[in-house]
Amino acid sequence: QVQLVESGGGLVQAGGSLRLSCAASRRTNSDYAMGWFRQAPGEEREFVAAITWMNGRTLYADSVKGRFTISRDNAKNMVYLQMNSLKPDDTAVYFCAADREPPLSTSYVKYAYWGQGTQVTVSS
């Protein structure tokens, strides 16, 4: 079992930046990818970005392309989400999640392990 802990959320003005971090308790050669999702009140959980551990292949939601960057540090078992040009619509709880099998996916049902989430609030 993998434990995931997010950090880095907070309150920021529109146009500002935040960097989220996700620490994984362990990683094995069978672990495939990590993803970031978000959920606003009353909304469904939404895919944000994903990255594979081995070759760093990435996938982004259209709504964040060009503004958000996902990255990983294999040595530290860490995944990051750099969020720039933030908008009020980006306000949500952000979750990191672990996926153990290919292909790289935008579907939350494919991700086996989840963190507890970190709140991001963007004021206008």
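Quantities reported herein were computed from a predicted structural model and do not represent experimental measurements.
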Between [X] and [Y], is there shared hydrophobic-cluster membership here, with clusters defined by ILVMFWY side-chain heavy atoms closer than 4.5 Å?
{"X": "V93", "Y": "V48", "answer": "no"}
{"X": "L20", "Y": "V122", "answer": "yes"}
{"X": "Y60", "Y": "F47", "answer": "no"}

Looking at [atom1] of [X] and [atom2] of [Y], how far apart are the two atoms once the value is rounded to the nearest 0.5 Å?
{"X": "E46", "Y": "Y108", "atom1": "CD", "atom2": "OH", "answer": "13.0 Å"}
{"X": "L86", "Y": "T121", "atom1": "CG", "atom2": "OG1", "answer": "10.5 Å"}
{"X": "Q39", "Y": "E44", "atom1": "CD", "atom2": "CD", "answer": "8.5 Å"}

Checklist entry - Minimum heavy-atom separation for A49 to L81, with atom names? => result CB-CD1, 4.2 Å
Next on the checklist: Using the side chain to side chain contact (heavy atoms under 4.5 Å, CB included) definition, which of the options D73, L4, I70, N74 pairs with V79?
Outcome noted: I70
Next on the checklist: My understanding is that a hydrophobic cluster links ILVMFWY residues whose side chain heavy atoms are under 4.5 Å apart, including indirect links. Using that, what else belongs to the cluster containing M78?
Outcome noted: Y80
Item to check | Check: E6 side chain, T118 main-chain N or O, donor-acceptor pair, under 3.5 Å | outcome: no
Checklist entry - Under the 3.5 angstrom rule, does the side chain of K110 hit a backbone N or O of L104 as a donor-acceptor pair? => result no
Checklist entry - More than 12 non-hydrogen atoms from neighbouring residues, nucleotides or ligands closer than 6.0 Å to CD on Q3, yes or no? => result no
Next on the checklist: Counting neighbours of CD on E101 that are heavy atoms of other residues, nucleotides or ligands and sit closer than 6.0 Å, is the number greater than 12?
Outcome noted: no
Item to check | ring-ring contact (aromatic ring centres under 6.0 Å, His included) against W53, all qualifying residues, sequence neighbours excluded | outcome: none
Checklist entry - How about R45 and W114: do any of their side-chain heavy atoms sit closer than 4.5 Å? => result yes
Checklist entry - So which pairs with a foot in residues 83-98 pass side-chain hydrogen bond (donor to acceptor under 3.5 Å, both in side chains), sequence neighbours left out? => result S17-N84, R38-D90, R38-Y94, R67-D90, Q82-N84
